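Below: one structure, written as structure tokens.
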Amino acid sequence: MRMKLLNPALFFFFMFFPCSRSCNSNDKTTLLKIKKSLNNPQILNSWDPKTDCCTNWTGVVCTHRRITGLTISAGDVVGQIAEEIGDLTDLVILDLSSLSRLRGTIPRSITKLKNLVYLRFRITELSGPVPDYISQLQNVTFLDLSFNRFNGSIPGSISQMHRLETIQLSHNKLTGSIPESFGSFAGKIPKLYLGNNHLSGEIPKSLSKTNFNTVSLSGNNFGGDASMFFGHNKTTVRLDLSRNNFHFDLSKVKLAKSLVSLDLSHNRVFGELPLELTKLQLNQFNISFNRLCGSIPQGGLIQNFEVYEFSNNLCLCGAPLKRC
């Protein structure tokens, strides 16, 4: 039987223009170093040097032979983030999540990832301060460092990240207060999640002119006035100030018509409930464990909420509580 010869033109193409899906050799070497720094975990068994990293390796996404996405999650990983992570300079997405034995700090080499848009280190044992140099990642829109062991203060330089749309720093051990610079973000005003840390002090007055879509400060030790988060002209959708020591007169605030979620529970908020509450399309609402008094406004969606969401105040009355 005669063997059919490869068309000369195709032979030339495959010799000099290898498959566009094949992995860049430098990127492949870097990934293998990252695997080693994680002690060659079972979830990365597919990272075999003999195979192509763009087509066969778990969690790896390539564009034009360069690695643009790296996701390692939900595995028994023991180790640290390798300094070599910064050599994957085409990365757009970097997601290391649900890795309960990933330890150490965020390496400075991460600043080399100038194309990064999505950065998530979530549910790990990463610790140390949130590095100031993270603000050099000017293309990042989504920053999630939640459920870790980061400590120290929040770097004010984060406000200089021009494209940032979401800041997730909740469930860490952060201390200090909110940076003054968060009253003047260089770009968009991001959704702000700072809940369940050890943050304290008063909210900087500079935030009074900042129109946040979402603010979550639950489970900290903030005190003083938080009325700057309210206002008729604001477009805030979700506001969670629960489990702090905020102390202000709720009857004097003006509620944004856009609010759909409001949690002020477990504070020292006083005064009466504003009538504007009846005009809101609320799907979450809790004012329990405060110092509120007076009649609960009737109408709208307010009476749809449970008794416990109004409970433990000084002298609130009216449906869904007892008659005044």
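Numbering starts at 1 and runs along the sequence shown. What you see below is based on every heavy atom in this structure, not just the backbone, and it leaves out hydrogens, waters and symmetry mates. None of these values were measured; they are calculated from a predicted model.
Looking only at distances, a side-chain donor or acceptor of K234 sits under 3.5 Å from a matching main-chain atom of T210. A donor-acceptor pair under 3.5 Å links the side-chain atoms of S46 to the main chain of T58, judged by distance alone. The backbone N or O of I43 sits nowhere less than 3.5 Å from a side-chain atom of N45 that would complete a donor-acceptor pair. A donor-acceptor pair under 3.5 Å is absent between the side-chain atoms of S146 and the main chain of Q168, judged by distance alone. With hydrogens and angles disregarded, no donor-acceptor distance shorter than 3.5 Å links the side chain of N220 to the backbone of F222. In terms of modelled atom types and a separation under 3.5 Å, the side chain of T141 and the main chain of E165 share no donor-acceptor contact. Of the possible donor and acceptor atoms, one in the side chain of K28 sits under 3.5 Å from a partner among the backbone N and O of P49. The backbone N or O of T124 sits less than 3.5 Å from a side-chain atom of N148, completing a donor-acceptor pair.
Looking at T30, D27, V60 one by one, the single match for side-chain contact (heavy atoms from CB on, under 4.5 Å) with L70 turns out to be V60. Paired with L99 under the rule side-chain contact (heavy atoms from CB on, under 4.5 Å), one option of I72, L38, V78, L126 passes, and it is I72.
For the atom pair CG (L282) and CG (L280), the distance works out to 4.5 Å, reported to the nearest 0.5 Å. To the nearest 0.5 Å, the span separating CG on N244 from CG on L199 amounts to 9.0 Å. A distance of 9.5 Å separates CD in Q303 from CG in L321, rounded to the nearest 0.5 Å. Atom CG of L96 sits about 9.0 Å away from atom OG of S73, to the nearest 0.5 Å. Going from atom CG of L174 over to atom OG of S200 covers 11.5 Å, rounded to the nearest 0.5 Å. Between the CG atom of L192 and the CZ atom of F229 there is a distance of 7.5 Å, given to the nearest 0.5 Å.
Counting heavy atoms from C-beta on, the side chains of I134 and L119 come closer than 4.5 Å. Using a 4.5 Å cut-off on side-chain heavy atoms (C-beta onward), L273 and I302 make no contact. Within the 4.5 Å cutoff, the side chain of P41 has no heavy atoms near those of the D76 side chain. In this structure, I93 and V61 have side chains that are not in contact, with every pair of non-hydrogen atoms separated by 4.5 Å or more. I296 is listed as a side-chain neighbour of P320, based on a closest heavy-atom distance under 4.5 Å. Within the 4.5 Å cutoff, no side-chain heavy atoms of N290 are placed close to those of F270. A heavy-atom distance below 4.5 Å is found between the side chains of I167 and F185. The closest side-chain heavy-atom distance from F285 to L301 is not below 4.5 Å.
Of all heavy-atom pairs between G271 and S251, the closest is CA-OG, 4.4 Å. Nearest approach of D90 to N115, heavy atoms of both residues: CA-ND2, 4.0 Å. Residues N283 and S261 approach most closely at OD1-CB, 4.3 Å, considering heavy atoms. Residue F182 comes nearest to F212 through the heavy atom pair O-CZ, 4.0 Å, listed as atom of the first residue, atom of the second, then distance. The minimum heavy-atom distance linking N245 with N267 is given by the pair N-OD1, 3.3 Å. Taking both residues in full, the closest heavy atoms of S109 and I85 are given as OG-CG2, 3.8 Å, listed atom of the first, atom of the second, then distance.
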Can V269 and L292 be said to form a side chain to side chain contact (heavy atoms under 4.5 Å, CB included), step by step?
CA-CA 6 Å; V269 181; L292 296 162; 4.1 Å; yes
For C62 and C53, what are the C-alpha separation, side-chain angles and deciding distance, and is it a disulfide (SG to SG under 2.5 Å)?
CA-CA 9 Å; C62 294; C53 66; 5.0 Å; no
Just do the side chain to side chain contact (heavy atoms under 4.5 Å, CB included) check on R238 and Q284 with the steps written out, would you?
CA-CA 9 Å; R238 300 185 181 281; Q284 288 183 310; 3.6 Å; yes
Would C324 and C317 count as a disulfide (SG to SG under 2.5 Å) if you check the C-alpha gap in whole Å, the side-chain angles of each, and the deciding distance to 0.1 Å?
CA-CA 5 Å; C324 295; C317 60; 2.0 Å; yes
Does the side-chain hydrogen bond (donor to acceptor under 3.5 Å, both in side chains) test come out yes or no for S218 and S242, once each step is laid out?
CA-CA 5 Å; S218 177; S242 64; 2.8 Å; yes
Go through the steps to decide whether N197 and F150 satisfy the test side chain to side chain contact (heavy atoms under 4.5 Å, CB included), and finish with yes or no.
CA-CA 9 Å; N197 279 286; F150 292 115; over 6 Å; no
Before giving the answer on side chain to side chain contact (heavy atoms under 4.5 Å, CB included), spell out for V215 and T236 the whole-Å C-alpha distance, their side-chain angles and the decisive distance to 0.1 Å.
CA-CA 8 Å; V215 175; T236 305; 5.5 Å; no
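Listed by first and then second residue, the salt bridge (Lys or Arg N to Asp or Glu O under 4.0 Å) pairs involving residues 110-128 are D87-K112, D95-R120, R122-D144, E125-R149 (not counting sequence neighbours). Pairs passing the salt bridge (Lys or Arg N to Asp or Glu O under 4.0 Å) check and including a residue from residues 260-281, sequence neighbours excluded, do not occur.
With no hydrogens or angles considered, a side-chain donor-acceptor pair links N139 and R163 at under 3.5 Å. Under the 3.5 Å distance criterion, with hydrogens and angles disregarded, no donor-acceptor pair is assigned to the side chains of S135 and Q160. Side chains of T51 and D48: a donor-acceptor N/O pair is absent below 3.5 angstrom, by distance only. A side-chain donor from one of N211 and T235 sits under 3.5 Å from a side-chain acceptor of the other. Under the 3.5 Å distance criterion, with hydrogens and angles disregarded, no donor-acceptor pair is assigned to the side chains of S265 and S288.
Cluster membership for V253 and L259, using ILVMFWY side-chain heavy atoms within less than 4.5 angstrom, is shared. Linking ILVMFWY residues whenever their side-chain heavy atoms come closer than 4.5 Å, directly or via other members, leaves L262 and L275 in distinct clusters. M228 is not connected to V237 by any chain of hydrophobic side-chain contacts under 4.5 Å among Ile, Leu, Val, Met, Phe, Trp and Tyr, and they are in different clusters. Transitive grouping of hydrophobic side chains (ILVMFWY, heavy atoms separated by less than 4.5 Å) keeps L143 and V92 in distinct clusters. Cluster membership check: F147 does not share its hydrophobic cluster with Y193, using side-chain heavy-atom separations under 4.5 Å among Ile, Leu, Val, Met, Phe, Trp and Tyr.
Scored by the side chain to side chain donor-acceptor pair (under 3.5 Å) test, E202 finds no partners at all (sequence neighbours excluded).
Taking the six-membered ring where tryptophan is involved, the planes of W47 and W57 are essentially parallel, since the angle between them stays under 30° and well short of 60°. Aromatic ring pairs are classed by plane angle as parallel below 30°, tilted from 30° to 60° and perpendicular above 60°; the pair H266 and F289 is parallel.
For R243, the CZ atom sits in a loose shell: 12 or fewer heavy atoms of surrounding residues, nucleotides or ligands are nearer than 6.0 Å.
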